[in-house]
Every structure is written in C-alpha cells, then in structure tokens.
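Heads up: numbering here begins at 1 and tracks the sequence. Each ligand, and each atom within it, is numbered from 1 in the order the structure gives.
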Amino acid sequence: MAKKHIVVDPITRIEGHLRIEAVIDENNTIVDAFSSSTMFRGIETILKGRDPRDAGLLAMRICGVCTGTHYQRSIEAVEDAFDITIPKNARIVRNLIQGALYMHDHLVHFYHLHALDFVDVVSALSADPKKTAEEARKWAGVAGVSPYTDGESEFKAIQDRVAKFVKQGRLGIFGNGYWGNKHYKLTPEQNLIGVAHYLQALDIQREMAKMQAIFGGKNPHPQSIVVGGVTCVQDIQNPARIALFKQLLQQSTKFVKQAYLPDVYMAGTMYADEATDSKATFSELIEGKGVGGTGGGLLNYMSYGDFRLDDTGFYNAKTLFPSGIVYGGDLSKVEPVNPEKIAEDVTHSWYEGDKPLHPYDGQTIPNYTGLDKREDGIAYLKTDEKYSWIKSPIYNDTRVEVGPLARMIVGVASKDERITKYVTNFLKRGNLPVSVLFSTVGRTAGRAIETELMADVMMEWVDELAANVASGDLSTWTEFDFDTVSVKTKGMGLAEAPRGSLGHWVRVENGKIVNYQAVVPSTWNAGPRDYKGRMGAYEASLIGTKVADAEQPLEIIRTIHSFDPCIACAVHVLDTKGKELGVYKLDSQCSI
Ligand code: NFE
Ligand code: MG
C-alpha cells in the first residue's frame, strides 16, 4: 500500500490557524510531518516609530491568551534598554500577575483544549456513578489528597446533564469529536470524571482570571504595568485586596491539587505505555540513545528562566525557573543560554531573507508563494519550498523545544531544589519512571507539575508582598531619565511565558523605536523546517507515532495539543494595509 497523506486543517481547540500535513506508511506510522500557520497578522511592524514607553500596550495585543506576557516582556526590553531596575513591590506584583496567568492558562489548556484528546465524552454516558466516585477516590489517593468531586450523586447529576444534551442530538461544544476511536483508553467511569472536571473547571478558571485582574486592573490585557514599575498602588496597600487574592488562590489551588493532578495521574497511567513506548531505559535516554515515547520529538529543551526572586536586577536575579539548555534529553548536563546565539530563519517561511538573523537585526517582509493544488482538489503545502507564516527560530544552530516541560527538565538538570522536589514527588506518587517525561503525556504532566508548584509559590509571594508593605516600603516605581532619547540604545526582555521562552528585542533611536522583534514560544515549537532541513518541535514530535484510524487522526491532534499551540502569538506580523495575501480552501474532513 502506498504512503498516505493526511491533512489536518484547521487544528481546532487552539488559538489561531494551524495546519498539519503528515505522511503515514502502510502500518499507519507517521514518517513525515509538516507544521504550517495559515494565518498572517502583525504587530512588530506597527511598533516602529512609536515611543518605547508605549511599546508594552501595543505588543500586548499580540495575544489575549497568554495575556499580559507580551506586555511584560516588552516593558522589560525597554527597561533593559534604559537600564532601569524596578522596586521590590513591582517585582512581586508582576510575578503574581504572571503566576495567576500560568495557573489559568494551564488549567484551561488541560481541561478545555486538551482533555478531550484523552477523554471520550460519549463513553461517560455509560459510566456507573457509584463506581465513578470510587475511581475518583482512587486517583485522588495517588495524589495524596481527597477527591474534588466526591459522591455518586454529584457524578450522576453531571452525567444526566450530558445525557440530556446527547438525547436532543445537540452535543454542542462536544459535537465534532472522534468519539469511539480505539485510541481512547479511559474506562466509562474515568471518562465521567474527566467530563465532570471539565465542566467544573469552567467556573474555576474564572476565579483564576479574577486573580490576574486584582493587580492587573482587568483581564485579558492587564494595564497596571509601566516602564519602571507598576501603577496598582492602592491594591498593594489594601489588605482587603490581598485577602481576596489569597482566597481566590486557595480556591484555585484546591482544584489544582484535588482534580487536575489526580486527573493527570489517571490519564498518564492509562496512556503510560505510549509515554514509554521507545523501550529505552532511562540511562539510555540520558545518554541520548532513546527517542522518548510517543510525541518525544527533538529532546532539546530550552528555558530563558523566569520569575525573579530577588532585587539584584533583571539579568542577575535568581529565578524560580532556571535558564539553560538540555540537549538530547541528557539530564546530566545543562548549558547556559547565550542570547547572541538566537536567530530566526525564513527558508521555509513566507518571508524574504536568505540567512538566519539575530532578532536585533530581524526582518519581517512577507513573500507568499502559494500552495500546490493537485488533482484531488486539495491545495497542499509546497513542503520543499516555503510553507508557513511562522519563522523558524534556531538556537546555537540547533532546533529546540520550549514550554513547561522544558522548564521542568532544565530545572532538574540544573539541580534546582524546588523543581527537582516537585518533579520527583510527582513521579514517585504516580510510580512513573522519569522517561515518561519525554513524550506527549510527559509534556502534559510537565504542565501540571508546574501548575502545582506555581500555586504553592504564589502563596509565599503574596505574603512577601504584604510583609514588605507592612514594613513601610511603599515604592512601586523607579524614576528614569528619558532625556537619554538622543542616544541610540537597545534592550531585550528575555523570560518565559506559559508556552515557553519568550523574547522581545527593541532598538531605540531619538526616542523612537527603529526595530522591534518578538520571538515567541509557539514560534519555537511550531516553526517549519530550517535552512538545513531540520524539523521544528511539532514536526519532530509526530515522527514514529502510530495512527489507529487515518480518517480520525486523534493521535496527531493529541500530540500537537500537548504543546498548547497559539498561532496568534507565533505569527504576530501583519500587513498594515490589510492586503489579501493568499486564499485558502480549508479541508476540514479531518478536523476536530
Ligand atoms: Ni498566544 Fe503565548 C504563550 C506567548 S505563544 S499564547 O504562552 O508569548 O506561545
Ligand atoms: Mg517575531
């Protein structure tokens, strides 16, 4: 049998437009894969000519999902350019706004964007509610907690709600799934737990969004951060606001520990054979011999580091997440990140350019070269040429993966005490080998571990903020001299976002921005092949995956979703004249 070409376009339950083309062999194993953004937008171009103090407000519009992240990175790039160190209160408040975003983003991702790749909603209808309650107690027990949803009647009520939908022939938001696919492995009872928590998480995510708004002013797009510090002076000094933040954090933490973590153990255990299907032992993996389980991919992991823990300056401070690179899944070594070694290549992207460029010299000149319309009526990607609006970031002439898993792996390889404790505890409680991390399931577990860590550390930070204010330190802003407008300067904001390493680079001359570039987490992960033909992280993660049913490529979606794609972030360039750059006819036969 000939090789088959699968087109999944659009990949749904993500932000933006992403297309995956995969080639499967006669055993339904993926032997080639291509990731393409079919969307063109833009922010970097608009920033040119603006006052650098306004950059954050404009750059923030790159995305409303990792909301406030681009705002902060942009402001940090300008602070770096003007050599400004922010006060302690501002540092902690920024950490709290970002930390709340991480919790919110990760929870929404797990339940509302990713869970249905593991959970078969229709199967939940045949669950026995009494057995479901027992099952929930079992997985909560693994996590060492009592279950969030405890009791037959609660599960029964949720099951009845879903049954009502189905009876009316209106699966609504659940309408377009691959229900019944044999790569769904949970029992009906486990599926019912997943569906119950999916619905409850809709309420909890709202509380997490409120946490961001307490100090951020609003959500999405907080507005209390300015070059030099923060403006939420009254909220910082008001014990009632601090108390409200703590109450929402406690409520959210309860759900994270008693629902999210047990559910990740449940899914991780049921899908564990996929996570470890390389059959490589851990020592082989750390010698770089294994390829990880399903979805492992590049096995090169990078983190710029983030969440400053002291006030010694943005690039001097100790960070909650260490910065570093781990190559080939080798946890015995971690190399420092050198910002000079970051470049973006456009060989396979619809832009002009003939060599990888450092972001300070980056260019964004569109050059759309079209699709390949074949006899079957489908327009395919011209994969030997240009095939995506996403650029290909390269670090030190290698392709790397970024994200929560990368942060956990770099943390463990750096022997960071706190991260190692959370990762080790997670694996120990679930009786899971470390090798489980190098897979699709591992990427999902990495995000859950990070959410638990963030929930705990934020309680420490909010207490630290209250204590600092009580000690009489009310400073929230560092004055700076903008007379330096006449000098040429440049700066970078290199830190992390929920989906991974995020950098903003700004050049300023005569008080105006002359070049602006952002290299974003989903750009690192979703980028197409580079000038040497090397795959990006999404592409590499699909190789070797077996697809149970080519008409329902559930496994492709599951692995791609494990990165939590955001294509709005990844492209972030636009034709300011609104010119039409290409017409696409989407083949939605394989979409979910
Ligand atoms: Ni639009 Fe984002 C995050 C950034 S992109 S969501 O997290 O930066 O990967
Ligand atoms: Mg960019």
Test of understanding: given a 4.0 Å heavy-atom threshold, classify the contact between Arg73 and ligand 1 as side chain, backbone, both, or neither. neither
Atoms of ligand 1, numbered as shown, that sit under 4.0 Å from any heavy atom of Pro498: 7 (O)
Leu502 heavy atoms within 4.0 Å reach ligand 1 at atoms 8 (O)
Using 4.0 Å as the upper bound for N to carboxylate O, is an ion pair formed by [Y] and [X]?
X      : Y      : result
Asp203 : Lys210 : no
Arg19  : Asp9   : yes
Arg534 : Asp397 : yes
Glu450 : Arg499 : no

Examine [X] relative to [Y] and say whether NZ or CZ is less than 6.0 Å from the centre of the six-membered ring and inside a 45° cone about the ring axis.
X      : Y      : result
Arg447 : Phe110 : no
Lys386 : Tyr368 : no
Arg308 : Phe314 : yes
Lys48  : Tyr516 : no

What angle, to the nearest 10°, do the atoms O (Ala518) and OE2 (Glu44) form about the Mg ion (ligand 2)? 90°
Run through the protein N/O/S atoms less than 2.8 Å from atom 1 (Ni) of ligand 1 and write them out by chain and number.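 Atoms qualifying: Cys63 SG, Cys566 SG, Cys569 SG.
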